[in-house]
Amino acid sequence: QVTLVESGGGSVQAGGSLRLSCAASGGTFCKAWFRQVPGKEREGVASIYPGGGTFYAASVKGRFTISQDNARRTYLQMDSLKPEDTAMYYCAASTGFVPGNEVLKKESFPYWGQGTQVTVSS
C-alpha cells in the first residue's frame, strides 16, 4: 500500500516561486505531479523515474523542476510562476514501470495524494 502526502502549496504573485513536496510511504517506481482546475481534466506536469530521468509538460518546461531524494520525497520546484499555473496540485505514484510516452497520463498512476492548492496572482 502506498500513501502520498503533499505539502508546500500557497499563494504567490506572478514571477514568484514555490516548492512542493511529496512524502511517500511504501515502495514506488515512477513519481509524478499533476494539476487540476475546476471543470478541466487533470493534467500531467512532470514525472521522474527512479534513476532520475525526467519528463515535463510543454507548458512548464524550463520553469518547473522535479527531483527526488533518498528519503522517498519528491519535489516540484516552480519558478517564474504565472496566473495560469493556479490549480490544485497532486502527487502521484506507480509501483510498476511506466513507459516514457505515458508518464504524464493520469491513467498510469494508481496512487494519489490529497492535493495542495497553488494560487498565482497577477
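Checking side-chain atoms of Gln36 against main-chain N and O of Lys40 turns up a donor-acceptor pair under 3.5 Å. With hydrogens and angles ignored, the 3.5 Å screen pairs no side-chain donor or acceptor of Glu6 with any backbone N or O of Cys22. Put simply, the side chain of Thr116 gets close to the backbone of Gly9: a donor and an acceptor are under 3.5 Å apart. In terms of modelled atom types and a separation under 3.5 Å, the side chain of Arg63 and the main chain of Ser59 share a donor-acceptor contact. When atom types are taken as modelled, the side chain of Gln117 and the backbone of Gly10 share no donor-acceptor pair closer than 3.5 angstrom. Between the Tyr56 side chain and the Ile66 main chain, a donor and an acceptor come within less than 3.5 Å of each other. Side chain of Thr95 to backbone of Thr28: no donor-acceptor contact under 3.5 angstrom is found.
Ring geometry, Tyr49 versus Phe55: the interplanar angle exceeds 60°, so the pair is classed perpendicular (tilted spans 30 to 60°).
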Review item, side-chain donor-acceptor pairs of residues 101-109, under 3.5 Å, at least two apart:
| from | atom 1 | to | atom 2 | distance (Å) |
| --- | --- | --- | --- | --- |
| Lys106 | NZ | Glu41 | OE1 | 2.8 |
| Ser108 | OG | Glu102 | O | 2.7 |

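A single hydrophobic cluster is seen to contain both Leu20 and Val12, as judged by linkage of ILVMFWY side chains at heavy-atom distances under 4.5 Å, directly or through other members.
Here Lys31 contributes atom NZ and Tyr75 contributes atom OH; the two are 10.0 Å apart, rounded to the nearest 0.5 Å. Note that the CZ atom of Phe29 and the CD1 atom of Ile48 stand 11.5 Å from one another [nearest 0.5 Å]. Between the CG atom of Leu4 and the OG atom of Ser25 there is a distance of 7.0 Å, given to the nearest 0.5 Å. Atom CD of Gln77 is separated from atom OG of Ser67 by 8.0 Å, given to the nearest 0.5 angstrom.
Residue Pro110 comes nearest to Ser94 through the heavy atom pair CD-CA, 4.0 Å, listed as atom of the first residue, atom of the second, then distance. Listed here is the closest heavy atom pair of Gly27 and Val2: O-CG2, 3.5 Å. Across all their heavy atoms, Arg73 and Ser21 have their closest contact at NH1-OG, 2.9 Å. The heavy-atom pair separating Ala46 from Leu76 by the smallest distance is CB-CD1, 4.1 Å.
Contacts of Arg19 classified as salt bridge (Lys or Arg N to Asp or Glu O under 4.0 Å), with partners at least two apart in sequence or in another chain: none.
Side-chain contact between Leu81 and Leu18 is present, with heavy atoms from C-beta onward closer than 4.5 Å. Residues Met78 and Val118 meet the side-chain proximity criterion, which asks for heavy atoms closer than 4.5 Å. The side-chain heavy atoms of Ser121 and Pro83, taken from C-beta on, include no pair separated by under 4.5 Å.
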Between Phe34 and Val45, is the side chain to side chain contact (heavy atoms under 4.5 Å, CB included) condition met? List the steps. CA-CA 5 Å; Phe34 286 74; Val45 173; 5.5 Å; no
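Side-chain rings of Phe64 and Trp33 stay apart, their centers remaining 6.0 Å or farther from each other.
A cation-pi geometry, defined here as NZ or CZ lying under 6.0 Å from the six-membered ring centre and within 45° of its normal, does not hold between Arg35 and Tyr90.
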